[in-house]
2 protein chains.
Amino acid sequence: MSLTASLLTAATVLVDDIHSGVAARGYTDIRPTHGFVFSRLSEAGATVTEVAEHLGVTRQAASQIVDELVAKGYVERRPHPSDARARLVVLTERGVRCTWAAEDAAVDALESWEDILGEQRLLAMRDELVRLAPNGPLRPAW
Amino acid sequence: MSLTASLLTAATVLVDDIHSGVAARGYTDIRPTHGFVFSRLSEAGATVTEVAEHLGVTRQAASQIVDELVAKGYVERRPHPSDARARLVVLTERGVRCTWAAEDAAVDALESWEDILGEQRLLAMRDELVRLAPNGPLRPAW
DNA sequence: AATATATAGGCAAGAAGCTTGAGCAAGTTA
DNA sequence: TAACTTGCTCAAGCTTCTTGCCTATATATT
């Protein structure tokens, strides 16, 4: 099995597991893509353009995704503090609670991995992966 | 950056790079998904159902993808040797040459990664990833 | 052997989620 | 202040998936 295939299957399995865990915690109306958005917003929010770059999609697509998250109560659009053209997308309380649930789900999903490799090597792998692809997008589809 | 995010960005970057390399070698009418199909077929072919499981999509979707690959000359459907219901999907010569091009492109794409981590650790990472998720699907979208 | 059920595959319609194209408002440059 | 750029969004369209249904063959039951 190639590195490419093993990377992809590992990523797919992990994302699917976390997605199931998030759904089991009551958040059944969102997709993994939305989680990628949340992680971009969690620090201090972001503009639609920044979300688009993070996901590797067009600004229009990012805008639609944000629309959906607004409608479902996970995020809201605020005026941008320093640029009246832009709008700052930030997590609502519901959005924050959902990211907590996702972190919980990630811990659960990684438990079986820690049993196999141990926390040490898992962290080492993460560090190596970050060195290999520090700033890439999280494209939701191919 | 989390393990999940680093896994996904690394996989995304690698897939995008290989896809570009394959396109640069003249195969501009296929997507990464098709490459995942090729890798499943390369041994001894596979049924549509097996392709569907490999990709993590419905049988109908897999059938449509195979339709497209047949139309473009990369694969063909043959009667299955031991089950008259099933059909064996196999690579054509064009399909085989395309998988070669993909392997070339993968080597190119991995060069910069070898510069960063070295071949040893890259192979070690692959082994670890295989242990973590041996039989997962390569879902083309979330 | 006859019947019931399961499995492989595919057609058609529809939905999800992206892109392209166009346009407005606000910022930046000359 | 005029020209251009940037941030965003509306609308339309397209790609690619799913759902629902159907046929043919295989397998299990009686």
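On a predicted model such as this, the values are computed, not experimentally measured, just so you know. Atom set for the values below is all heavy atoms of this structure, side chains included, hydrogens, waters and symmetry mates excluded. Proteins come first, then strands; the chains are lettered A, B, ... in the order of their sequence lines, and each starts at number 1.
Remark: A:Arg85 is not in phosphate contact with D:dT9, judged by side-chain N or O atoms under 4.0 Å from OP1 or OP2.
Within a 6.0 Å radius of CZ in A:Arg121, no more than 12 heavy atoms belonging to other residues, nucleotides or ligands are found. Counting heavy-atom neighbours within 6.0 Å of A:Arg94 CZ, excluding the residue itself, gives a total above 12.
Minimum interatomic distance between B:Ala109 and B:Asp17 (heavy atoms only, all atoms of both residues): CB-CB, 3.8 Å. Closest approach of A:Ala102 and A:Val22 over heavy atoms only: CA-CG2, 3.6 Å. The two residues B:Leu8 and A:Phe36 make their nearest non-hydrogen contact at CD1-CZ, 3.3 Å. The two atoms that bring B:Leu41 and B:Val89 nearest to each other are CD2-O, 3.5 Å, heavy atoms only.
Remark: the backbone N or O of A:Tyr74 is paired with a side-chain donor or acceptor of A:Thr92 at under 3.5 angstrom. The main-chain N or O of A:Leu122 is never found under 3.5 Å from a side-chain atom of A:Arg126 such that the two would form a donor-acceptor pair.
Atoms CG (A:Asp83) and P (C:dT28) sit 7 Å apart, rounded to a whole Å. Straight-line distance from the CG atom of B:Leu69 to the P atom of D:dT16: 11 Å, rounded to whole Å. Straight-line distance from the CG atom of A:Leu88 to the C1' atom of C:dA26: 17 Å, rounded to whole Å.
Both A:Gly56 and A:Ala84 sit near DNA chain C, but only A:Gly56 has its closest nucleotide nearer the 5' end.
For B:Thr49, counting side-chain heavy atoms from C-beta on, the closest listed nucleotide (D:dC8, C:dA8, C:dA26) is C:dA8. When the nucleotides C:dA26, D:dC8, C:dG9 are ranked by their closest atom to the side chain of B:Arg87, C:dG9 comes out on top.
Against DNA chain C, the stretch residues 19-45 of chain B makes no heavy-atom approach under 4.0 Å. Remark: B:Val57, B:Thr58, B:Gln60, B:Ala61, B:Gln64, B:Ile65 in residues 57-68 of chain B come within less than 4.0 Å of DNA chain D through at least one heavy atom.
Note on A:Arg139: nothing from the nucleic acid sits closer than 4.0 angstrom, heavy atoms only.
At a threshold of 4.5 Å between non-hydrogen side-chain atoms, the residues A:Met125 and A:Leu117 count as touching.
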